[in-house]
Amino acid sequence: QVQLVESGGGLVQAGGSLRLSCAASGRTFSMSAMGWFRQAPGKEREFVAGLSWNGGSTDYADSVKGRFTIFRDNAKNTLYLQMNSLKPEDTAVYYCAARGLGYSDIVYDIRNYAYWGQGTQVTVSS
């Protein structure tokens with residue numbers, strides 16, 4: 001079982017930065033691929049960034065490439081999303097997700113993630 005708690009969201013002006021954190025409990029965190037997703041009002045939840053279980057591989061949605069960075073600290077059981085050069089279209093609720101024990105590769109479909117946090121709101125003003 002993995003429990004995920006996001007933090008770090010807030011209101012920021014366009015061009016600003018935020019760092020989201022996702023604190024995980026449970027021993028499976030270090031052996032699970034992780035991801036960040038987001039959901040804007042009236043839209044489906046979408047993949048933002050993914051990270052393999054050992055941090056060796058990352059992938060990003062085209063809309064955030066070059067601006068967002070996903071990384072993890074397994075010693076702290078924490079996943080991060082550094083978001084720079086934020087745009088108003090980045091406004092959404094951001095969720096972290098874990099695939100589960102033994103699932104090491106990045107995938108993009110929300111149905112492949114077994115554990116989810118409660119989400120944190122990110123609002124970017126123009």
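Treat the numbers as computed from the prediction; the structure is a model and nothing was measured. The analysis underlying the following values was restricted to heavy atoms, covering all of them including side chains, and did not include hydrogens, waters or symmetry mates.
Atoms CE and SG, on Met34 and Cys96 in that order, are 5.0 Å from each other to the nearest 0.5 Å. Taken from CG in Leu86 to OG in Ser125, the straight-line distance is 10.0 Å, to the nearest 0.5 Å. Going from atom CD of Gln118 over to atom SG of Cys22 covers 8.5 Å, rounded to the nearest 0.5 Å. Within the model, atoms CD of Gln121 and OG1 of Thr91 stand 7.0 Å from one another, a figure rounded to the nearest 0.5 Å. Note that CZ of Phe68 and OH of Tyr60 are 10.5 Å apart. Values are rounded to the nearest 0.5 Å. Between Ile106 atom CD1 and Asp59 atom CG the span is 5.5 Å, to the nearest 0.5 Å.
Of all heavy-atom pairs spanning Ser126 and Ala14, the tightest one is CA-CB, 4.4 Å. The shortest non-hydrogen separation linking Gly9 to Val122 is CA-CG2, 4.1 Å. In this structure, Gly35 and Tyr113 approach most closely via the heavy-atom pair N-CE2, 3.8 Å. Scanning all heavy atoms of the two residues, the minimum distance from Glu6 to Gly117 falls at OE2-CA, 3.2 Å. Of all heavy-atom pairs between Leu20 and Tyr94, the closest is CD1-CB, 3.6 Å. Residue Asp105 comes nearest to Ala33 through the heavy atom pair O-CB, 3.3 Å, listed as atom of the first residue, atom of the second, then distance.
Between Phe37 and Trp116, the distance separating the two ring centers is shorter than 6.0 angstrom.
Using modelled atom types and a 3.5 Å distance limit, the side chains of Ser17 and Asn84 yield a donor-acceptor pair. The closest side-chain donor-acceptor pair between Asn112 and Tyr103, if any, does not fall under 3.5 angstrom.
With sequence neighbours excluded, the residues satisfying side chain to side chain contact (heavy atoms under 4.5 Å, CB included) with Ser85 are Arg67. With sequence neighbours left out, Asn54 forms a side chain to side chain contact (heavy atoms under 4.5 Å, CB included) with Ser52.
Looking only at distances, a side-chain donor or acceptor of Trp36 sits under 3.5 Å from a matching main-chain atom of Tyr80. Side-chain atoms of Gln3 never come within 3.5 Å of backbone atoms of Ala24 as a donor-acceptor pair (strictly under, hydrogens ignored).
Put simply, Tyr95 and Tyr108 are part of the same group of oily side chains (I, L, V, M, F, W, Y) that touch within less than 4.5 Å, one to the next. In terms of hydrophobic clustering, with Ile, Leu, Val, Met, Phe, Trp and Tyr side chains grouped at heavy-atom distances under 4.5 Å, Tyr115 and Val48 are assigned to a common cluster. In terms of hydrophobic clustering, with Ile, Leu, Val, Met, Phe, Trp and Tyr side chains grouped at heavy-atom distances under 4.5 Å, Phe47 and Ile110 are assigned to a common cluster.
For the pair Arg72 and Trp53, the NZ or CZ position fails the cation-pi test of under 6.0 Å to the six-membered ring centre and within 45 degrees of the ring normal.
Ion pair Arg38/Asp90 flagged as a salt bridge, since at least one NZ, NE, NH1 or NH2 atom sits closer than 4.0 Å to an Asp/Glu carboxylate oxygen.
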The test is side-chain contact (heavy atoms from CB on, under 4.5 Å); show your working for Val93 and Thr120 and say whether it passes.
CA-CA 5 Å; Val93 177; Thr120 185; 6.0 Å; no
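In this structure, the side chains of Leu81 and Thr69 stay at 4.5 Å or more apart for every pair of heavy atoms.
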